[in-house]
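Notes for the one structure printed next.
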Amino acid sequence: MQQSKNQSTTEDDRTGESVATLTRAIADNMFYVQGKFPATATENDAYLAVAYTVRDRLLRRWIDTTEAYIKNDARLVCYLSAEFLLGPHLHNNLINLGLVEPMRKAVDSYGKKLDDIIEQEGEPGLGNGGLGRLAACYIDSLASLQIPAIGYGIRYEYGIFGQQIKDGWQVETTDKWLKLGNPWELHRPERTYEVKYGGHTESQQDEQDEQGNFSVRWVPNHAVMGVAYDTPILGYKVNNTNILRLWSAQASESFDFHDFNVGDYMGAVRDKMSSENITKVLYPNDEHEQGKRLRLQQQYFFVSCSLQDMIFIQLELANDTLDNFHKRFAGQLNDTHPSIAIAELMRLFVDEHDMGWDQAWDITRHTFAYTNHTLLPEALETWSLPLFKNVLPRHLEIIYEINRHFLEQVKERYPDDNERLARMSLIDEAGEKSVRMANLACVGSHAVNGVAELHTELLTATVLNDFYEFSPEKFSNKTNGVTPRRWIVLSNPRLTALITEKIGESWITDLSQLKQLEAFADDAKFIARWHQIKLQNKQEQAAFAFKQTGVELNPESLFDVQVKRLHEYKRQLLNVLHIITLYNRIKADPSIDIVPRTFVFGGKAAPSYFMAKLIIKLINSVADVVNNDADVAGRLKVVFIPNFNVKLGHRVYPMADLSEQISTAGLEASGTGNMKFSMNGALTIGTLDGANIEIREEVGEENFFLFGLTAQAVADTKAQGYNPRDYYDNNAVLKLVLDQIREGYFSKGDTNLFMPLVDELLNHDQYLLLADYQSYIDAQDKVSETWRDQDLWTRMSILNVARMGKFSSDRAMQEYCQDIWKVEPVPVGGK
Ligand code: NBG
């Protein structure tokens, strides 16, 4: 272009990092990639031009990385996950490249604002919640730790649904995240694999091999092609750039031939469309399994593509044999969603690569490890036998064979224990017969882990107890973590600057360095600056929330925040009971001296989860009453931020004063939002559940607001025959709150609307809200009391941040690398 010709420089347009080169590159990409010039460019064109400019700077590193890994014959982590909840890439990549400020200037001189461009980017919502976001934090940490790794998953055309709030209700919209283009992925049509489904099997008795195995031929009835789309995942200030490889379904041509030949053109096209449905949409259920055919097809689809890809790497790129497969690959199963991999790898080895059963089994077990993410019975995956057989007949046979071998061993150890045998079987024989994926994952893995200490303890004591007793050496705990790059540096630039000013920047890759902040916890000037930063974050976000919801917020008030998926066990409803309790105190005495609070909620409910959706409606209905009551005089505000996602998380965590982590003890496996809040200086009110316990241990019990029954007490209470009505009858304040909800105080007199919620609480209360109510209210009163001493509060906030080092995903990944995967870093030099 004209202006680049006039610029004399030695920097390459695609790799140079000076402001002048970046400015030129943006103009260049706008012209040659977007085919636009400033007068015709939309805001999205500007974003794309900047994104391509950044991507260009990733590619050199990406290629160098591949070269280095091949040269070093590196051992690779393959993280198999049906969900990666990535969040936007641009800002994160700029941070990791160390190019935020040069790019800001370049964009300025291009006549735009970097912040607007960053805001323009949508996000790939390829996950539901914590499980998918954890996968995203982990691949960030792996790259930053210079560990060779591939993330394998599904390129859903529609990610998690968008949430609008209409008349207080959740309304879902489709997430067309690809509609404006995705500059971060590279289409790799040369990496395409065939995935087969259905049909039947034929055993070939006459072709008995040397080991005496029968060979089996699977005659599928249709096939789909899986095409790779690669996204570069750059580590923080290193050259290592790993791959996130997501598979997209395409029709397989060979299977259309017959229809074409008989002239059924439309029939062939219909088949093509139905093939492509496989990666059309993410199932929007969090912690709830539905046993749907398409979901099994999705799981098998991405697993089969990924394993075929790994075999290709082993045989073609590394020029090695399958005998060494487990030496090159550490395959991690992120929950049971990819656990069909165990049967599929057996099939590929035995049926397609002529390996003997015993060797195949040995390699398979040494390849895989399994992470469990939940104890909730409704989330443990099972597939009915007829469905499974219909979709994957060959895999069912393989599972039977694995089961036969396995149960023989169990029988040997426990000769007369048929009940144990029935419990450990991969097949549930009771009632409608089904395949148990968690059992398959345990049997086919050399390591099994939970995601927080309490969770692992409960896992080995309950859900997986038989497997733990059978092979205790397989089990370990790996407490979750989150990446400080996205969740502090990107989200909270003010806090990042202050911390770095005081202790340097090594904390960004070694979060335990935050400990040094303890030295400033009593420093009046530091306390004032810390306080000021929180206030600024709140002001900024209050303005944003106002724009979004029309509710005016007071940044001086205590921001009390609960953002996470809507689920009864997470107890957003308990939070609502507290709000109504405070409201009633004001109504009883409008002149009462009460700490002003802003209650912020955010989170999606699974579209078919009636109770969760009703809780959203209740939150919004309570908001309507409280926010508009003259007696309240603005002292309490309630807002529900629609469509909570990663991008909104960037705004929400840094503005919170109080983090609500109030699940029924024993039910939240770990939680990771709890970590993001605390790292950004919020204090936690929480139960002894999941990682809350470890957070409290780290930050000190005096810096944490604890309430509620322990997991043991929850179990005991239930065993003794819990009667929630006793709490209602004996607590007049609680009684009033429930009566108001029931009698239509928050529903304009409609006594039916919220009846299901009150009925559940009074008659079942599965999640023990009433049992924990008083303890929660007392802890909340302590929160308010503490808030009145702002210096004390801020000191506690500083100590929370200072002591959060453990909860970096870098620490978590290092533990997996050492204990489970046995992989070492492979640093990539620059060119
Ligand atoms: C979720 C748990 C969370 C945990 C994340 C990540 C599932 C099945 N589990 O507590 O509920 O933090 O996994 O481990 O989504």
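First listed ligand is number 1; within each ligand, the first listed atom is number 1. As the structure is a prediction and not an experimental result, all values here were calculated from the model.
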I'd like to check whether [X] has a polar contact with ligand 1, where a contact means an N/O of the residue lying under 3.5 Å from an N/O of the ligand.
| X | value |
| --- | --- |
| Glu668 | yes |
| Lys570 | no |
| Asp335 | no |

- Item | Lys/Arg N to Asp/Glu carboxylate O, Lys613 vs Glu172, below 4.0 Å | yes
- In plain terms, say whether Arg485 and Asp140 are close enough for a salt bridge, that is, a side-chain N and a carboxylate O under 4.0 Å apart. yes
- Any idea which atoms of ligand 1 are less than 4.0 Å away from a heavy-atom of Tyr569? 11 (O)
- Going by the atom numbers of ligand 1, which of them fall below 4.0 Å from some non-hydrogen atom of Ala669? 10 (O)
- Item | Row check, Phe161 ring normal vs Lys604 NZ/CZ: under 6.0 Å, within 45° | yes
- Message: Taking the ring of Tyr609 and the ring of His567, is the distance between their centroids below 6.0 Å?
- Response: yes
- Message: Would you say the rings of Trp821 and Tyr816 are close, in the sense that their centroids are separated by under 6.0 Å?
- Response: yes
- Note on the structure: Residue set satisfying side chain to side chain contact (heavy atoms under 4.5 Å, CB included) with Asn645, at least two apart, ordered chain then number -> Glu123, Asn643, Lys647, Leu648
What's the shortest distance from [atom] to any protein heavy atom, and which residue and atom give it?
| atom | answer |
| --- | --- |
| atom 9 (N) of ligand 1 | His373 O, 2.9 Å |
| atom 15 (O) of ligand 1 | Leu131 CB, 3.6 Å |
| atom 11 (O) of ligand 1 | Glu287 OE2, 2.1 Å |

- Query: Between Thr371 and ligand 1, which part of the residue brings a heavy atom under 4.0 Å of the ligand: side chain, backbone, both or neither?
  - Reply: neither
- Sub-4.0 Å heavy-atom contact, Gly671 with ligand 1: yes
- Answer yes if the side chains of Asp510 and Ser512 hold a donor-acceptor pair under 3.5 Å, and no otherwise. yes
